[in-house]
Amino acid sequence: MKENKYIELFSNPATLLLEDIPVLEYPDFVAFIDLLMGEEGTHCVAYFVLPQPDKYRFICCMAADENHAILVFSHEQPLQPAPSLPSITAKHFQFHVFEREIHENFGIAFPGHPWLKPIRYPFNRSEVANVMNTYPFYTINGEALHEVGVGPIHAGIIEPGHFRFICHGEKVLHLEIQLGYQHRGLESQFVEKQAILQQSVLAENIAGDTAVGHSLAYAMAVESLAGITVTKRLSIERIIALELERIGVHIGDTAALCIDIAYQFGQVVNEALRTIIINTTQFWCGNRFGKGLIRPGGTNYPLTADIMAEIINNLKEVEERFLQVTDRIFSLPSVLGRFEGTGKLTTMQASLIGAVGMAAKSSGMYRDIRWSQPFSAYVDHPYEPVMLHKGDVWSRAMLRKLEVEKSMAVIRELLKEITHDENPESDVRHPDYDLHLAPSSLAISLVEGWRGEICHIAVTDHSGKLSHYKAKDPSFHNWMALALAVRNQEISDFPLCNKSFNLSYCGNDL
Amino acid sequence: MPLKEINILRRHGRQYVPDLRRVELRGIFRGRPVISGDITEAEAELVTSLCPVGAIGVTSVASGMEHASLAMDLGKCVFCRECEFALPRMIRFSNDFKMATNIRERLSVVAGADQPVRLDPEMIRKEIRSFFKHALKLRQVSAGGDNSAEMELNAAGNVNFDMGRYGIEFVASPRHADGIVITGPITQNMAEALQICYEAVPSPKIVILAGTDAISGGIFGGSAAVNREFFDKYPVDLFVPGNPPHPLTFINGVLDLIGCK
């Protein structure tokens with residue numbers, strides 16, 4: 001009985017035939033999710049609709065972390081009449097974003113959904129009458145309350161999004177975040193642009209701060225569809241790039257957190273350190289964000305002895321100085337006074353909303369793709385996530401510091417392994433832009449970017465062309481974490497809370 | 001207690017780049033491309049079909065020239081360097097980061113001409129230099145930007161590049177600004193906010209486009225979610241190519257625009 005309910009995948013990335021994905025009746029589908037959600041560490045990584053000529057196919061991918069597996073199963077609904085499906089969110093809140101996205105794209109009703117609101121106002125939405133400035137904000141009536149609207153354009157140089165606060169005096173009772181300003185039609189572009197090189201460029205422009213993470217997820221997905229495996233050397237080089245990206249952003253975020261508490265000393269020192277890291281990436285590939293570094297099948301920028309020496313030297317320099325300055329930051333009473341206890345996300349809240357990555361790990365949830373669904377070089381190099389439990393700004397700041405140290409250790413270990421390669425050049429191939437993808441298949445790849453779990457899903461038609469693409473940034477789950485964390489905080493602490501999560505808008509085309 | 005700070009500052013040292021006008025970037029940098037005049041028609045066709053954004057094309061035969069000439073549009077180029085990898089002896093991305101100009105056509109790099117990209121001082125509106133030469137306050141609007149251009153604009157003001165030394169700064173409100181810097185291809189969902197922000201800037205005001213996405217839409221150029229009507233209405237004063245534009249490309253371009261040495 002159990003065997004035909006789902007397909008269990010133990011590799012990351014993984015490819016399977018669409019026809020092999022079991023189709024359940026909707027009540028059985030819901031019951032199965034109920035069953036899975038009762039197990040520790042199980043969470044939904046993707047739930048989306050694959051429109052077909054004669055029906056909607058709903059595909060769900062659940063990560064079972066304890067078993068290091070991904071479970072795939074589905075249900076089908078007719079196009080007409082428009083389906084109305086009892087909401088899963090009503091019971092398992094982490095499904096809220098997925099059901100909202102499906103509702104917005106296809107007009108499918110989810111009775112019982114507590115928060116069935118627009119998510120990005122896509123150009124191809126089902127209800128074109130819904131436009132950005134008709135967003136149904138939650139309101140509370142009360143003479144003592146006031147609302148504060150911020151954005152879409154913010155004071156700093158950041159991406160656009162609208163925040164609507166309901167406050168009692170200085171205290172935030174409720175925050176609602178309206179997104180969609182960054183919607184570029186990303187997923188449609190993957191289908192419109194069929195050349196592998198075009199798609200690679202799209203992937204690295206999903207979110208420039210996670211260029212390596214997203215382009216790696218894309219490369220893994222299409223390599224899996226094409227049935228090619230990359231060399232061990234290349235998989236090591238990719239993880240070095242991924243960890244360099246994490247180090248650069250984490251140090252930059254440490255600087256930015258110092259800005260938000262007006263601690264200029266911490267800011268300038270960390271800014272300078274971040275520059276050294278991203279210039280190292282530029283030294284390697286000519287781009288400070290690592291665009292162009294990750295390509296399917298190979299790379300244009302093999303890691304040479306010169307670059308390895310540059311990485312080792314710069315890591316040494318940055319590590320010493322970073323430890324020195326963070327030691328100071330985390331011992332200053334005026335810093336701790338702002339960080340500690342601010343913007344708390346409890347373990348229970350994090351679990352409820354399906355938080356991933358840094359937001360989860362700093363709130364006591366053991367969730368890291370490098371550990372649960374190891375990919376690339378992590379298959380041979382087991383990773384133990386850094387964990388903190390308090391869920392406040394301090395935890396998210398401290399987690400960055402600890403992850404910087406850990407990532408540096410990972411890079412050193414990986415470099416050690418390849419330093420003595422006899423003939424490194426021959427071990428890394430050129431990119432392959434002439435891939436033949438398996439027809440009528442679905443590939444799923446998961447990458448732990450610096451924010452957390454990135455999930456790409458590529459679906460091909462009968463001729464092996466991409467017919468559907470899903471690119472999920474960890475921010476998709478974690479925006480709700482920010483909204484919860486600022487409740488009962490002073491509104492003046494919002495910038496600090498916001499920066500401590502540092503979520504992406506464009507990463508999800510939001 | 002301050003001893004710790006002093007020790008950190010000693011290690012920190014002097015971080016600012018002393019002369020932003022003359023810097024050598026270490027290692028490789030994907031700057032202004034140089035295309036050999038010897039490139040054959042077949043090779044030109046190869047890279048034209050390879051380019052992911054259609055930035056490379058054969059220009060019409062100029063009078064007196066025998067060969068069709070290959071041109072690369074830096075306003076469309078995503079600087080992936082794939083054309084160089086395909087034809088390493090014909091195309092080379094140099095370390096020249098000075099690529100900003102006020103004339104859109106000047107972003108076209110033609111085969112056989114290793115010419116720097118420069119502004120045309122004649123075409124700069126007179127009020128720009130008389131008003132903004134010593135102080136320029138800018139409002140940034142991200143309209144579908146991928147956050148890398150935004151981070152580089154932030155970096156332009158950091159301890160390393162410190163463009164504040166020239167009186168150039170980003171400000172929090174369009175009411176305080178002399179112009180706007182746009183990043184991203186301009187999404188339909190952001191078009192109205194951009195318009196409102198532009199109108200809120202007092203005249204005279206300037207418009208700067210930072211990055212390939214802003215200049216041409218980049219890889220998102222053909223998307224139905226993008227709305228570039230803004231450019232039917234308003235002139236652009238400076239185009240800063242790059243994916244994302246390097247802080248040095250941006251700062252040098254702005255200095256040339258306002259006539260700061």
Tell me which of these, [options], has more heavy-atom pairs under 4.5 Å with chain B than the rest.
options: Val131(A), Leu197(A), Leu202(A); value: Leu197(A)
options: Arg120(A), Arg321(A), Gln199(A); value: Arg321(A)
options: His430(A), Gln282(A), Lys291(A), Gln324(A); value: Lys291(A)
options: Val268(A), Asp509(A), Asn205(A); value: Asn205(A)
options: Arg295(A), Met132(A), Glu159(A), Arg288(A); value: Arg288(A)
options: Ile307(A), Val325(A), Ile153(A); value: Ile153(A)

Kindly give the heavy-atom pair with the smallest separation between [X] and [Y], and that separation in Å.
X: Gly208(A); Y: Ser148(B); result: CA-CB, 3.7 Å
X: Ala155(A); Y: Arg139(B); result: O-NH1, 3.2 Å
X: Ser142(B); Y: Pro160(A); result: O-CG, 3.2 Å

With a 4.5 Å cut-off on side-chain heavy atoms, are [Y] and [X] touching?
X: Glu82(B); Y: Tyr433(A); answer: yes
X: Met151(B); Y: Asp209(A); answer: yes
X: Asn158(B); Y: Gln267(A); answer: no

All side chain to side chain donor-acceptor pair (under 3.5 Å) counterparts of Thr210(A), not counting sequence neighbours: Trp450(A), Arg451(A)
Heavy-atom pair count under 4.5 Å with chain A, highest-scoring of [options]:
options: Asn95(B), Asp213(B), Asp146(B), Asn147(B); value: Asp146(B)
options: Cys197(B), Gly145(B), Cys80(B); value: Gly145(B)
options: Gln188(B), His246(B), Glu192(B); value: His246(B)
options: Arg11(B), Glu152(B), Met190(B); value: Arg11(B)
options: Phe220(B), Phe29(B), Phe79(B); value: Phe220(B)
options: Leu25(B), Asn160(B), Leu50(B), Val78(B); value: Asn160(B)

Over 12 non-hydrogen atoms of neighbours within 6.0 angstrom of CD in Glu199(B):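 Yes.
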At a 4.5 Å cut-off on heavy atoms, which part of [X] comes close to chain B: side chain, backbone, both, or neither?
X: Phe265(A); answer: side chain
X: Tyr301(A); answer: side chain
X: Ala272(A); answer: both
X: Asn133(A); answer: side chain
X: Glu320(A); answer: side chain
X: Tyr121(A); answer: both
X: Asp327(A); answer: side chain
X: Ile158(A); answer: backbone
X: Glu317(A); answer: both
X: Leu273(A); answer: neither

Do side-chain atoms of [X] reach the backbone of [Y] as a donor and acceptor pair under 3.5 angstrom?
X: Asn287(A); Y: Asn243(B); value: yes
X: Asn189(B); Y: Gly180(A); value: yes
X: Lys193(A); Y: Ile219(B); value: yes
X: Gln140(B); Y: Gly156(A); value: no
X: Arg30(B); Y: Cys285(A); value: yes
X: Arg184(A); Y: Ala224(B); value: no

What distance separates [X] [atom1] from [Y] [atom2], expressed to the nearest 0.5 Å?
X: Glu310(A); Y: Arg26(B); atom1: CD; atom2: CZ; result: 4.0 Å
X: Leu332(A); Y: Lys4(B); atom1: CG; atom2: NZ; result: 9.0 Å
X: Ile157(A); Y: Leu138(B); atom1: CD1; atom2: CG; result: 9.0 Å

At a heavy-atom separation under 4.5 Å, does [X] approach chain A through its side chain, its backbone, both, or neither?
X: Val159(B); result: both
X: Ala155(B); result: side chain
X: Tyr16(B); result: neither
X: Phe85(B); result: side chain
X: Asn154(B); result: both

Evaluation steps, side chain to side chain contact (heavy atoms under 4.5 Å, CB included), between Asn300(A) and Arg81(B): CA-CA 9 Å; Asn300(A) 288 316; Arg81(B) 215 176 151 213; over 6 Å; no
Heavy-atom contacts under 4.5 Å, residues 168-176 of chain B to chain A: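 Phe170(B), Val171(B), Ala172(B) fall under the 4.5 Å cut-off.
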